[in-house]
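Order of appearance sets the numbers: ligands from 1, and atoms from 1 within every ligand. Sequence positions, counted from 1, serve as the residue numbers for this chain.
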Amino acid sequence: MSKTKILAIETSCDETSAAVVEDGERVLSNVVASQIKSHQRFGGVVPEIASRHHVEQITFIVQEAMEEAGVTYEELDAVAVTEGPGLVGALLIGVSTAKAIAFAHGLPLIPVNHIAGHIYANRLIQPLQFPLMALVVSGGHTELVYMEEDGNFEVIGETRDDAAGEAYDKIGRVLGVPYPGGKHIDEMAHQGEDTFDFPRAMIQEDNYDFSFSGVKSSFINTVHNANQKGETLDQYDLAASFQASVVDVLVDKTVRAVKEKQVKQLLLAGGVAANKGLRTALKHAVETELDGVELVIPPLSLCGDNAAMIGAAAHVEYKKGHKADYSLNARPGLSL
Ligand code: KG4
Ligand code: ZN
């Protein structure tokens, strides 16, 4: 039987991306154009600017993805696109492009949830084994997702306030590192020590929810108080202390969830999955506390937003025959 080839499009935030993925597990191409430079001077993503960049880039990015994969439109089996969650204007560019391609070439149109995409990025590394647990940590989401089988998502815990990546980016602003701050704070953390002992919110509570606004406020207050007294604090120790608090809570709750649900695999997903401290701590926790559980962590290229992960998630929907008609719309607040 010939292999299923899906062209996938992702434009939910500030990366314009197109990919061709075979059977949901092999990346034939994955082109990602980042707009970060255009947003940096504003200290965050400006939705209007994001939409404009997507419109300018999308045709070229799709063309490049098709050329790199070496496939023609006739060889494609479907077109997949992120329908949400994300910025409405940004999502609409991807959705309109996917609709146009589906219509022009008579291909099925498959809507994909962005978070499902992050989880399925792991399928590009390793076959998934169910039941599994996924820790999704990105700029907009922090969730523990239990999966009994392909395409079945049960959110067992989530953040009550800031997402992990969002907290990183906010404290990054206080330390004066460029947006998005996560990567810079991670690098600084490795050159400092956890000396500030920031709070580990909700770590003792008997649930799988998270809260990162407490550690963020504690961090900001510590820096402001020192500034008012004319003191200078060690930036590397501040970063290390913040990271230790975030990683401790994420790892602790994840280990508890994995133990309770007795899963076969633990997947790490989302932009914050690139965090070196988190990757190391999770590996250590699985080795020492979770006997028999396989940990899957995507390479850095598949942690941040990209279309290959959308193609991987779309394959599950394709097999189930789930497809959309041309009335498909962007769904900015879509949940799993
Ligand atoms: O998944 P993603 O690309 O976009 C969303 O769907 O939100 O995640 C972006 C987030 C940003 O908040 C960024 O600061 C964070 O991922 N991030 C990191 C690291 N690399 C990216 N956070 C901590 N450590 C990193 N190494
Ligand atoms: Zn994302």
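The protein heavy atom nearest to atom 20 (N) of ligand 1 is G271 O, 3.6 Å. Among all non-hydrogen protein atoms, the one lying nearest atom 2 (P) of ligand 1 is D305 OD1, 3.4 Å. Nearest protein neighbour of atom 9 (C) of ligand 1, counting heavy atoms only, is G139 N, 3.8 Å. Protein heavy atom closest to atom 26 (N) of ligand 1, with residue, atom name and distance, is D186 OD2, 3.1 Å. Atom 24 (N) of ligand 1 has N275 ND2, 2.9 Å as its closest protein atom, hydrogens excluded (heavy atom only).
Between G304 and ligand 1, no pair of N/O atoms sits closer than 3.5 Å. Note: no N/O pair closer than 3.5 Å links G270 and ligand 1 by distance alone. Not a single N or O atom of C303, backbone or side chain, sits closer than 3.5 Å to an N or O atom of ligand 1.
Centroid-to-centroid, the aromatic rings of F103 and Y326 come within less than 6.0 Å.
D150 and Y120 share a side-chain donor-acceptor pair at under 3.5 Å. H53 and S38 are linked by a side-chain donor-acceptor pair at a separation below 3.5 angstrom, with hydrogens and angles left out of the test. If you check the side chains of E260 and Y208, you find a donor sitting under 3.5 Å from an acceptor. Between N329 and E83, the side chains place no donor N or O within less than 3.5 Å of an acceptor N or O (distance only, hydrogens not considered).
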Go through the steps for D305 and V32 under the test side chain to side chain contact (heavy atoms under 4.5 Å, CB included), then give the verdict. CA-CA 8 Å; D305 293 345; V32 183; over 6 Å; no

side-chain hydrogen bond (donor to acceptor under 3.5 Å, both in side chains) between D161 and S211: does it pass, once the steps are laid out? CA-CA 6 Å; D161 37 63; S211 163; 2.7 Å; yes

Take F60 and V31 through the side chain to side chain contact (heavy atoms under 4.5 Å, CB included) test and state the conclusion after the steps. CA-CA 10 Å; F60 303 110; V31 182; over 6 Å; no

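For residue H141, no N/O/S atom approaches the Zn ion (ligand 2) to within less than 2.8 Å. Under 2.8 Å from the Zn ion (ligand 2) lies no N/O/S atom of C13, from backbone or side chain alike.
Residue contacts with ligand 1 include G140, since one of its heavy atoms falls under 4.0 Å from the ligand. A heavy-atom separation below 4.0 Å is not found between E15 and ligand 1. Residue contacts with ligand 1: H141 is excluded, as none of its non-hydrogen atoms falls under 4.0 Å.
One distance of note links CD of Q35 with OG of S51; it measures 8.5 Å at 0.5 Å rounding. Interatomic distance, E25 CD to H315 NE2, rounded to the nearest 0.5 Å: 7.5 Å. Note: L28 CG to L7 CG = 11.0 Å, rounded to the nearest 0.5 Å.
When non-hydrogen atoms are compared, ligand 1 lies under 4.0 Å from the backbone of V272 as well as from its side chain. At a 4.0 Å heavy-atom cut-off, ligand 1 touches D169 through the side chain alone.
Interface atoms of ligand 1 facing G165, defined by a heavy-atom separation under 4.0 Å, are 12 (O). Heavy-atom contacts of A274 reach the following atoms of ligand 1: 20 (N), 26 (N) (cutoff under 4.0 Å). Listed by number with element, the atoms of ligand 1 under 4.0 angstrom from any heavy atom of H118 are 1 (O), 6 (O). The distance from ligand 1 to the heavy atoms of H114 drops below 4.0 Å at these ligand atoms: 6 (O).
The nearest N/O/S atom of D305 to the Zn ion (ligand 2) is OD1.
The cluster map of Ile, Leu, Val, Met, Phe, Trp and Tyr, joined by side-chain heavy atoms under 4.5 Å apart, puts V272 and M309 in different clusters.
Tested against F198 for a ring pair (Phe, Tyr, Trp, His ring centres under 6.0 Å), the candidates F212, F242, F219 yield a single pass: F219.
Taking only non-hydrogen atoms, the option from G182, S138, P180 nearest to atom 22 (N) of ligand 1 is G182.
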